[in-house]
There are 2 protein chains.
Amino acid sequence: MKWFEQAEVDKNIVISSRVRLARNLDKFAFPYRLNPAMAKEVLQEVCEAVSGLENRLDFMELTSTPPWESNVLYERHLISRHMAEKTLPCGIAYGEGENLSIMINEEDHIRIQAVFEGNNLEAAYKKAMEADNALGQDLDYAFDGDFGFLTSCPTNTGTGLRASYMLHIPFLESTGMLKAQAEMLTKTGFAIRGAHGEGSSPRGGIYQISNQITLGKSEDEIITAIQRLVEQIADKEAHLRTQLTKDLNAEVMDAIWRAHGILANCRKIALDEAMKLLSDIRLGIMMGILPPPMGGHTIYSIMTNIQDATLQAITMPADDARHLEILRADYLRQCFNRPL
Amino acid sequence: MKWFEQAEVDKNIVISSRVRLARNLDKFAFPYRLNPAMAKEVLQEVCEAVSGLENRLDFMELTSTPPWESNVLYERHLISRHMAEKTLPCGIAYGEGENLSIMINEEDHIRIQAVFEGNNLEAAYKKAMEADNALGQDLDYAFDGDFGFLTSCPTNTGTGLRASYMLHIPFLESTGMLKAQAEMLTKTGFAIRGAHGEGSSPRGGIYQISNQITLGKSEDEIITAIQRLVEQIADKEAHLRTQLTKDLNAEVMDAIWRAHGILANCRKIALDEAMKLLSDIRLGIMMGILPPPMGGHTIYSIMTNIQDATLQAITMPADDARHLEILRADYLRQCFNRPL
């Protein structure tokens, strides 16, 4: 079972906790400066080290992957948008549950990612560090006594660590309070963005919060600071929810049940609308009004599965956007169409 | 079973066919000039004649009726808005199936109404004329050899006959073609209006078409002319439906199924939105996509039952508009919430 299929991902405001470590090999130029032959060498060397890990990871070379397949990996947060568009030899290794994944020749030679359902940043950190330590025994990392780990982009230099949380905060969004919150976060070295990080537009009230500064801070300091911050944001969202669902009971119930009624019956639906309705249903599940979806799905896994590329992969190739909206509706009906 | 509960009312574009005859007693002033004592006399005299009819009609005096009860009769098309607001002694007599009803002391002393489900103006005409003939044996009508039946408003003088159809024409409406049609109708002595005639705003694609001129025409001429006209309009609507549902299959299916999903799940709903969704569901039933509603309801009977006063009468008194929207949603869910 994949981490996003665990019931835990629908239980609270915090959907998942993620740690990413950026590492580079000492004897190669950074990826931006690699030629194809050198990139291939990096790929081989890292792959070998990865195959020695205790966690069995499946490797996939992305150089000749068709775009739709890269996009599936992108939508599942296994690779970055940047990597989906790459032409140099690069690849991704990931385990069955998708808790641990390693990108090779993205912006850095190595990007170790660990992600867990719910509020569990320490588990993610532990998992990522274990992989890092194991790889570090086989590979020679680019490391400087003063700066720490060296990376392509200076914002990652130091610990090379980015910690991030995926949050479902529809009330902070709809009340407009998120805007002020985002400005405050930026000033204190954090960023709040759509689910796919930089440049992605938020959908369905899902946001990613991550640290922006790693240099001059220890791993523990970064982890503790973002944990505290996310706790505060989740508290604010929970407070808003209690306040707003108390005063507007019929309105809230109506939105939740209509969302169910539409998803269980629609025949075509755009991604934005579907994400908004899934957000309402997720609220309904958290509030104990609706049962979880059918077929062992979680709302978050459905949110992933109805993205364009994943949807095509799990249904069948579609040739235009209108067709995709029909496939999306077909898929969603299967998740929700039952008597309640 | 009432006429609007017959399955026939959901089968086609024509919902119902109605004939109304305006009559006055010779020896009394017209209602606008009656004092309460005289109005009472008219009421008694007509009531007596009505009680001798072959059709058993229940009589209800409206003078002391609470507004919500008058409004229920208005929403069911048994009395006019004018009559719901009257203070002079007046009343309504109607049979069990509500095919035949007689208003006393509305704009005229007597207004005989006969209505049948579907396209059946001749049955309505026959029914109204039978009652008229029977009453005419007991009562002395105001009649002039040159003008015909005399009425309060000159537009009714002559035959005193108004023939009308209730139509469901959502495609003529949504394509904007209805506007040109309405102008043409007005020029040729007909009117197209909301379901409650003059001054009522159309909801759910339901329109009433009636003749405006009775003087100088025979009953047969009026009946034939409006029959032919309505046939043409229904043909245009059917043609549009075929055209538009062929080209936009997913869109049409989507609208129909979403309408079902929302009505089967909503927790509060305004009248306008509910009427629009019921219109989509009625389309779905006509097109064989959806089964009829549960509990032996027809869409048209549900459209009647969710009007404010009727809704309060069949559920329980509500004190504000918001509460009514919740009651309306509760009622609609009962009509549609089943696995499909």
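Each chain gets a letter, A, B and so on, in the order the sequences are listed, and its residues count up from 1. Scope of the values below: all heavy atoms of this structure, side chains included, with no hydrogens, waters or symmetry mates.
- The CG atom of B/Asp254 sits 7.5 Å away from the CD1 atom of A/Ile269 when rounded to the nearest 0.5 Å.
- Considering every non-hydrogen atom in both A/Ala250 and B/Arg267, the closest pair reads O-CB, 4.1 Å.
- Partners of A/His77 under the side-chain contact (heavy atoms from CB on, under 4.5 Å) rule, at least two apart in sequence or in another chain, are A/Arg18, A/Met166, A/Ala195, A/His196, A/Tyr300.
- If you tally non-hydrogen atom pairs under 4.5 Å between each of A/Cys266, A/Ala255, A/Ala259, A/Gly261 and chain B, the highest count goes to A/Gly261.
- Every residue two or more places apart in sequence or in another chain was checked for a side chain to side chain donor-acceptor pair (under 3.5 Å) with B/Asp235, and none qualifies.
- Note that the CD1 atom of B/Ile326 and the CD atom of A/Glu251 stand 7.0 Å from one another [nearest 0.5 Å].
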Does A/Asn265 form a side chain to side chain contact (heavy atoms under 4.5 Å, CB included) with B/Arg258? I'd like the steps, not just the answer. CA-CA 6 Å; A/Asn265 288 282; B/Arg258 279 177 185 240; 5.8 Å; no
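- Taking a 6.0 Å sphere around NE2 of B/His239, one finds it holds 12 or fewer heavy atoms contributed by other residues, nucleotides or ligands.
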